[in-house]
Structure formats: C-alpha cells, structure tokens
Amino acid sequence: MRELNRRSLIAGLLVGGSAFAAGQQVLSYGKWPKSKRVAIIGGGPAGVAAALALRQADTSARILLIERDPATLKNTSGAQQRFQRPNLSGVFNKLKAADIEIALDEIAAIDWQRQSARGMSGRDFAFDYVVVAPGTTAQDEGIAGLDSIARHHWPAAWGSPREAKRLTAQLAAMSDGTHVVLRLPSGDVSHPAGLPQRAVEIAKFLARKKPTSKLTVLDATEGTRAADAFASAIAATDLGQRVEWVGRDRPVEVREINAHTGRLETSHGLIQADVVNFVTAQEAGAIAQASGLADRSGWCPCGSDMRSLINPGAIVVGDANRLAQRTVDGAVRSGVEATRTLLRA
Ligand SMILES: Cc1cc2nc3c(=O)[nH]c(=O)nc-3n(C[C@H](O)[C@H](O)[C@H](O)COP(=O)(O)OP(=O)(O)OC[C@H]3O[C@@H](n4cnc5c(N)ncnc54)[C@H](O)[C@@H]3O)c2cc1C
C-alpha cells in the first residue's frame with residue numbers, strides 16, 4: 001500500500017500535472033461502500049483536493065462538486081494578480097477527467113434529515129456523505145456606516161477578484177500626494193501572512209507610482225506579529241518613510257465610517273482618507289452558518305479528522321474549519337484528510 005503523497009497532489013493541483021492522471025494510487029483503502037453519493041460544497045483548493053483524492057481512492061463513488069462561481073473552476077492560467085489569491089489552473093479539466101460531476105449552483109441550505117443540499121436554482125442534491133468547503137466570508141462587525149455600499153467603495157479585496165480589480169483601479173487612478181488607509185481586522189482570516197504583505201504591496205506601489213502619497217495602516221490584529229513582519233520586510237528599504245503603522249501598542253478599533261467623505265472614527269482618533277482598503281473580519285462561508293455548522297466564533301469546530309463537532313454527519317474542510325491553517329497547502333491537506341475520514345465512514 002502506498003503512503004499518501006500530499007506533495008504530489010498539491011503540485012498536481014497547482015501546476016497542472018495530476019497524480020490522478022498519472023495513475024498513481026495515492027490512497028488505498030478497502031471497505032468503501034459501492035456507489036455512495038458524496039456531495040462536496042465549494043470548489044476551492046479544499047473541495048477540489050477532496051474530490052480528486054476521493055476519486056483516486058475509489059473509482060465507483062459518485063462524486064458531485066457544487067461550486068457557485070464558474071470562474072473558480074475555469075481553465076485559466078497565469079501569474080497571480082495583485083491582491084488576489086493564488087490561481088489554480090486547469091482544475092475544471094482535471095475534475096472532468098476524473099469523472100467528477102460538477103454543478104454550478106450556490107447551496108443555500110442543507111436538510112440534514114433528508115440528506116439533501118438545496119441550491120439557489122431550486123435544485124436539490126441528495127447525498128450519502130457531504131463535505132462542506134465554502135471558504136470564508138466577511139463577518140458583520142457592527143461598524144456604523146460599513147454597509148454594502150461602503151464595502152463597494154472601500155473594497156476588502158480579500159478573496160474577491162472583483163474587489164481586487166477595483167482596489168487596483170482606485171490606486172492607479174488616485175492623484176499623487178493623497179492618503180491611503182489599509183485596515184487590518186482582528187480575528188482569523190484566510191492567509192494571515194498576507195496582512196503585512198498587503199501593507200508592503202501598497203507601500204511599494206506608492207513608492208513607484210505615487211511617491212508623495214502616504215499609507216496609514218490601522219492594525220486591529222492581536223499581538224505585534226503583523227507589525228513585526230512588516231517592519232522586517234521593509235527593513236532594507238526606505239518604504240517606512242511613507243507608512244504610519246497605527247495600533248502596534250493597542251489594536252485599533254474602527255467605530256464608525258463614512259465612505260462618501262472618507263472619514264473613519266477610530267479608538268485612535270479621526271482619520272481622513274482618499275483611498276481605503278478595508279479588510280473586514282472573516283468567518284466561515286455563509287452556508288456553514290446557515291446549516292448550523294459554525295459556532296459563536298463564526299468558524300466550524302471540528303476534530304482532527306475534519307468531522308464537525310456540532311454535526312458529525314458533516315465534514316468541514318479548508319478555511320471554514322476552525323483549526324484551519326488558511327493557506328492553499330493547508331486547504332489541500334484537509335481535503336485529502338477528509339477522504340481518509342470518508343473511507344473510514
Ligand atoms: C487575498 C488572498 C491571498 C492569498 N494568498 C495566498 C498565498 O499566497 N498562499 C497561500 O497558500 N494561500 C493564500 N491565500 C489563502 C488561500 O487562498 C486559502 O487558504 C484557500 O483558498 C482556502 O481554500 P478553501 O477551498 O477552503 O476556500 P476557498 O478557496 O475560499 O474556496 C471556497 C469555494 O467555495 C465556493 N462556495 C462558497 N459557498 C458556496 C456555496 N454555498 N455553494 C457553492 N459554492 C460555494 C466559493 O465560490 C469558493 O470557490 C490567500 C487568500 C487570500 C484571500
């Protein structure tokens with residue numbers, strides 16, 4: 001029996017070679033019941049890894065991957081764009097080649113008794129087992145003025161390609177000599193290491209394109225890790241001259257905002273901004289909340305086998321899982337681990 005080869009699977013997902021296509025037997029267990037229906041909700045790295053690993057382990061299971069955003073699975077390739085998450089190329093073709101069914105739909109509810117997931121289209125997807133892999137969504141932080149219009153004007157650009165493009169365009173269009181504010185949230189987020197990186201990215205952009213502009217970072221993260229990572233990333237440069245890092249000693253609380261006037265009322269005083277990258281706090285994707293898999297933290301408590309501690313009938317993988325690392329590598333690993341759990345079921 002061959003040991004699970006995580007690296008090859010990750011490499012296969014990310015660069016286009018496929019351990020599955022190569023016929024490698026990555027997982028091998030004997031007792032999986034024939035023709036079980038497995039629904040996987042979410043086609044990010046965790047959901048895709050779970051689907052491909054399960055197919056490798058069992059050729060007879062009926063695997064359905066449900067993804068709401070066709071762009072996630074489309075056969076694209078190319079470098080990672082500024083402010084965006086890594087691009088997984090060629091995933092759609094790999095899933096098709098592995099005989100994994102794909103449904104383009106957004107799951108709005110899960111009926112646990114009937115073992116069925118209801119799509120926004122009105123379709124019901126029956127399952128014997130379900131893997132929930134919805135990633136993250138913005139958490140309502142109760143900040144006065146931070147409504148959907150404000151979030152449009154002040155994009156988080158944290159996982160949404162549309163918002164990443166909007167932020168890029170806003171930065172490109174602003175006059176030199178203006179004030180950019182980057183807000184870093186408290187709590188867990190997808191890719192925590194990306195928070196200080198975002199500050200570095202914006203500071204570098206300003207240095208190159210808008211040299212008399214200034215960046216203020218409003219840091220609500222706990223501890224000084226983000227501030228320290230930023231400081232060490234720019235240590236050998238002069239980028240620090242145009243950056244003010246607020247909240248190193250005490251996290252900044254944003255209390256009220258006005259996206260039309262550019263005003264932010266914070267625990268560190270009033271701030272006036274021209275362009276704002278407002279990264280919101282996050283929690284497990286909406287379907288995890290709606291289907292009762294998330295606890296008060298907003299994340300899904302699970303055992304190390306990815307099984308939900310709230311509802312053992314569900315397996316939660318990727319960023320939504322409370323224990324997640326919230327990296328691509330971590331998401332893929334959890335997807336593979338989910339397969340082990342399914343095969344033991
Ligand atoms: C800006 C940014 C930069 C990052 N950079 C890096 C990096 O450089 N390196 C790294 O390792 N990690 C990085 N990450 C983190 C990495 O992208 C995530 O950890 C990883 O994508 C998590 O995978 P996932 O499958 O759990 O969730 P996601 O990738 O979020 O995928 C979830 C999928 O589920 C779908 N979905 C959600 N709800 C439903 C529903 N109800 N019905 C149907 N479909 C649904 C969504 O459309 C989405 O496609 C970054 C993240 C961000 C936000």
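First listed ligand is number 1; within each ligand, the first listed atom is number 1. The residues of the chain are indexed from 1 along the displayed sequence.
- Counting atoms of ligand 1 from 1 in the listed order, those under 4.0 Å from a heavy atom of Gly43 are 33 (C), 34 (O).
- Look at Arg322 and Asp295 and you find a salt bridge, because one of the NZ, NE, NH1 or NH2 atoms lies within 4.0 Å of a carboxylate O, short of that distance.
- Taking every heavy atom of Ile66 and a limit of under 4.0 angstrom, the matching atoms of ligand 1 come to 43 (C), 44 (N).
- The N/O atoms of Arg68, backbone and side chain alike, include one that comes under 3.5 Å of an N/O atom in ligand 1.
- Below 4.0 Å from some heavy atom of Ala133 lie the following atoms of ligand 1, by number and element: 32 (C), 33 (C), 34 (O).
- His153 and His260 have perpendicular rings, their planes meeting at more than 60° on a 0 to 90° scale where under 30° would count as parallel.
- Between the choices Leu195, Thr327, Ile107, the shortest heavy-atom distance to atom 42 (N) of ligand 1 belongs to Ile107.
- There is a side-chain donor-acceptor pair under 3.5 Å between Asp105 and Ser121.
- A salt bridge is absent between Glu201 and Arg198; no separation between the charged side-chain nitrogens and carboxylate oxygens falls under 4.0 Å.
- Residue contacts with ligand 1 include Asp105, since one or more of its heavy atoms lies under 4.0 Å from the ligand.
- Ligand 1 places these atoms under 4.0 Å from at least one heavy atom of Arg326: 15 (C), 19 (O).
- For the pair Ala46 and ligand 1, the shortest N or O to N or O distance falls below 3.5 Å.
- Contact annotation: for Ile287 versus ligand 1, heavy atoms closer than 4.0 Å belong to the side chain alone.
- Polar contact check, Gly318 against ligand 1: no nitrogen or oxygen pair lies under 3.5 Å apart.
- A donor-acceptor pair under 3.5 Å is absent between the side-chain atoms of Gln139 and the main chain of Gly298, judged by distance alone.
- For Asp319, a nitrogen or oxygen atom sits less than 3.5 Å from a nitrogen or oxygen atom of ligand 1, counting backbone and side chain alike.
- Of the options Gln282, Gln325, His191, the smallest heavy-atom separation from atom 4 (C) of ligand 1 is shown by His191.
- For the ligand labelled ligand 1, residue Gly194 lies outside the 4.0 Å heavy-atom shell.
- Side-chain atoms of Ser213 come within 3.5 Å of backbone atoms of Gly177 as a donor-acceptor pair (strictly under, hydrogens ignored).
- For the pair Gly285 and ligand 1, no heavy-atom separation below 4.0 Å is found.
- Atoms of ligand 1 found under 4.0 Å from any heavy atom of Ala331, numbered from 1 in the order shown, are 22 (C), 23 (O).
- In terms of polar-atom proximity, defined here as any N/O pair under 3.5 Å, Ala157 makes no such contact with ligand 1.
- With Glu163 contributing its side chain and Ala156 its backbone, the two residues share a donor-acceptor pair below 3.5 Å.
- Inter-residue side-chain proximity for Gln282 and Ser190 is flagged as met; some heavy-atom pair is nearer than 4.5 Å.
- Taking the side chain as every heavy atom from C-beta outward, Phe278 and Arg151 never approach each other to under 4.5 Å.
- The side-chain heavy atoms of Leu171 and Phe83, taken from C-beta on, include a pair separated by under 4.5 Å.
- For ligand 1, the polar-atom distance check finds no N/O of Asp329 at less than 3.5 Å from any of the ligand's N/O atoms.
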